[in-house]
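Just the heavy atoms: all of them, side chains too, but no hydrogens, waters or symmetry mates, feed the values below. For reference, positions follow the sequence shown, starting with 1.
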Amino acid sequence: MNVPLHPSASASSEHSRALMRICLGGWLVVLAVIGVLAWPKPAEAQTMRIKEVAAVQGVRTNQLTGFGLVVGLDGTGDQTTQMPYTSQGMNNYLQQLGLNLPADAKVQLKNVAAVLVTAQLPAFAQPGQMIDVTVSSMGNAKSLRGGTLISTPLKGPDGEIYALAQGNLLVGGAGASAGGSKVQINHLSAGRIPAGAQVERTVETDFALGETIDLGLNAFDFQTARRVAEAINTRMGPGVAQAVDGRVVRLRAPVNSHDRVGFLAQVEEIPLEASIPVAKVIINTRTGSIVMNQAVTLSPVAVAHGNLSVSIGSTPVISQPNPLARGETVVTEKASIEISQQAGALVQMDAAPKLADLVRMLNGLGATPQDLLAILQAIKAAGAMNAELEVI
């Protein structure tokens with residue numbers, strides 16, 4: 001027997017189902033939002049700015065150098081009997097001040113040291129600006145600590161004076177000696193003078209001349225040159241940039257200097273997607289250091305590695321004659337040579353498409369860094385590693 005539901009009960013049931021649908025829908029929305037927040041985002045491609053891969057040609061620093069004298073040392077200067085140019089330099093400086101020493105005068109300048117002063121003249125440096133200088137001893141001075149550099153002209157490769165240096169040295173070291181013992185911390189034969197030179201002459205550049213500007217890439221790469229030209233044309237307009245070769249990108253720039261500066265400021269900030277570098281392995285044979293980039297990969301190869309060691313020992317042997325033979329005692333040496341070779345197992349190295357896999361397999365060989373130098377060279381010679389080996 002079917003009993004009809006009460007109208008109020010039916011309405012209550014429909015209301016409950018509606019609330020349930022609303023609740024389920026709400027939970028689905030919440031779960032969807034949580035999923036979006038929790039799901040890992042794909043790795044973004046590495047980007048850089050054009051100013052990090054290229055620079056305007058002709059806009060660069062210039063090297064300056066000069067000969068100077070450091071005075072005021074506490075008896076740690078050059079020994080003038082062994083360093084005649086220290087006395088000669090001091091005599092020339094005194095002559096400029098109106099003091100002439102006798103030709104036969106023997107001056108012992110223990111508080112003076114001959115030095116070479118070097119500096120870098122920045123691009124667009126103007127007269128009156130201050131630059132840092134580095135002072136290095138060129139004689140046998142024990143220390144430059146506490147010394148003062150007297151006025152020293154700094155010249156460029158053309159022989160012209162571009163700056164004048166003078167000031168108190170900052171030496172990041174200390175030392176003491178007494179009774180034949182010596183203690184030294186850091187280096188005492190070189191120092192630095194912050195803002196120690198004043199610019200006296202500017203270097204002319206062709207930055208504001210012509211209708212074009214050349215960007216020089218930091219590394220030779222046709223792919224990077226093409227991407228730089230495309231990025232500039234996309235941002236600044238078609239035909240603005242043209243890749244000349246794998247090193248130079250030529251730009252059509254405004255003739256007005258103010259507009260040209262603003263144009264280059266925009267070009268330098270244009271983002272550029274980084275290209276995959278050339279696979280290269282850098283080997284330092286002096287320190288045994290090995291550095292490789294992400295592009296280095298390895299093909300399947302088998303490597304056998306074993307150690308060969310040679311030990312040489314010497315034992316003194318005394319030959320004592322008979323007491324009645326009136327002979328002499330003779331001491332000789334008995335040498336022993338041992339050669340030991342550890343068993344070298346043939347290790348199979350699978351293909352390594354990633355740098356982490358290559359590093360793990362090289363560590364699994366159990367070879368020292370010095371042995372890895374020879375192993376990597378042999379793998380390269382076998383054609384199993386697609387990388388360029390560079391020995392520094």
Side-chain angles (χ1 to χ4, degrees), residues 61-122 125 129-201 203 286-287 392:
T61 60
N62 294 273
Q63 306 299 325
L64 305 179
T65 184
F67 172 83
L69 296 173
V70 173
V71 299
L73 301 176
D74 189 12
T76 59
D78 293 335
Q79 297 180 5
T80 53
T81 56
Q82 301 177 0
M83 301 297 164
Y85 48 78
T86 304
S87 300
Q88 181 180 357
M90 197 64 193
N91 291 337
N92 295 339
Y93 183 77
L94 292 178
Q95 289 178 4
Q96 296 177 6
L97 299 179
L99 299 177
N100 295 323
L101 297 178
D104 57 348
K106 296 182 180 180
V107 183
Q108 298 294 331
L109 304 174
K110 296 183 179 180
N111 298 336
V112 181
V115 295
L116 285 179
V117 184
T118 58
Q120 289 188 354
L121 184 65
Q129 293 182 352
M130 307 300 294
I131 58 177
D132 299 343
V133 297
T134 301
V135 181
S136 305
S137 173
M138 58 180 299
N140 55 7
K142 298 179 181 179
S143 174
L144 298 181
R145 189 178 180 88
T148 301
L149 176 70
I150 58 178
S151 181
T152 302
L154 301 181
K155 300 181 179 180
D158 55 356
E160 299 291 339
I161 298 177
Y162 288 90
L164 291 177
Q166 181 172 296
N168 298 325
L169 269 72
L170 295 178
V171 179
S177 61
S181 301
K182 180 181 179 181
V183 176
Q184 179 174 326
I185 301 175
N186 296 335
H187 202 59
L188 301 177
S189 300
R192 192 169 179 84
I193 306 178
Q198 189 173 29
V199 178
E200 300 293 338
R201 185 194 299 264
V203 178
R286 295 184 298 271
T287 61
I392 61 176

Qualifying residues under side-chain contact (heavy atoms from CB on, under 4.5 Å), relative to P157, sequence neighbours excluded: none

Quick one: list whatever passes side-chain contact (heavy atoms from CB on, under 4.5 Å) with N100, sequence neighbours left out. Q95

Under the side-chain hydrogen bond (donor to acceptor under 3.5 Å, both in side chains) rule, collect the residues that match up with Q79, sequence neighbours excluded. Q82

At what distance, to the nearest 0.5 angstrom, does CG of L144 lie from CG of L170? 12.0 Å

Closest non-hydrogen atoms of P153 and I161, given as atom of the first, atom of the second and distance, are CB-CD1, 3.7 Å

I need the minimum non-hydrogen distance between G191 and V171, along with the two atoms involved. CA-CG2, 4.2 Å

Distance (rounded to the nearest 0.5 Å) between I193 CD1 and T148 OG1: 8.0 Å

Under the side-chain hydrogen bond (donor to acceptor under 3.5 Å, both in side chains) rule, collect the residues that match up with N92, sequence neighbours excluded. none

Please identify each residue that fulfils salt bridge (Lys or Arg N to Asp or Glu O under 4.0 Å) with D74, with sequence neighbours left out. none

Y85 versus G139, closest heavy-atom pair with distance: OH-CA, 3.7 Å

side-chain hydrogen bond (donor to acceptor under 3.5 Å, both in side chains) partners for T152, two or more places apart: none

Which atom of A197 lies closest to which atom of A163, heavy atoms considered: CB-CB, 4.4 Å

Residues forming a side-chain contact (heavy atoms from CB on, under 4.5 Å) with Q198, sequence neighbours excluded: M130, E200

I131 CD1 to Q120 CD distance, which is reported to the nearest 0.5 Å: 9.0 Å

Pairs in or reaching into residues 77-94: which pass salt bridge (charged side-chain N to carboxylate O under 4.0 Å, His left out), with residues at least two apart or in two chains? none

Taking side-chain hydrogen bond (donor to acceptor under 3.5 Å, both in side chains) as the test, write out the residues that go with S87, two or more places apart. none

Please tell me if the side chains of N62 and Y162 come closer than 4.5 Å, counting only heavy atoms from C-beta onward. no

Just to verify, what does E160 make a salt bridge (Lys or Arg N to Asp or Glu O under 4.0 Å) with, not counting sequence neighbours? R201

4.5 Å side-chain heavy-atom contact, T118 and S136: no

Check: Q166 and L149 side chains under 4.5 Å, non-hydrogen atoms: no

Can you name the nearest heavy-atom pair linking L154 to A119, along with the distance? CD1-CB, 4.0 Å

Determine, step by step, whether D132 and R192 satisfy the side chain to side chain contact (heavy atoms under 4.5 Å, CB included) criterion, reporting the C-alpha distance in whole Å, the side-chain angles of both residues, the deciding distance to 0.1 Å, and the verdict. CA-CA 7 Å; D132 299 343; R192 192 169 179 84; 3.3 Å; yes

Could you state the interatomic distance from CD (Q96) to OH (Y93), rounded to the nearest 0.5 Å? 7.5 Å

Using side-chain contact (heavy atoms from CB on, under 4.5 Å) as the criterion, list what pairs up with A125, not counting sequence neighbours. L121, P122, Q129, V199

Between A114 and T86, which heavy-atom pair has the shortest distance, and what is it? CB-OG1, 3.5 Å

Does T76 use its side chain to pair, donor to acceptor, with the backbone of S143 at less than 3.5 Å? yes

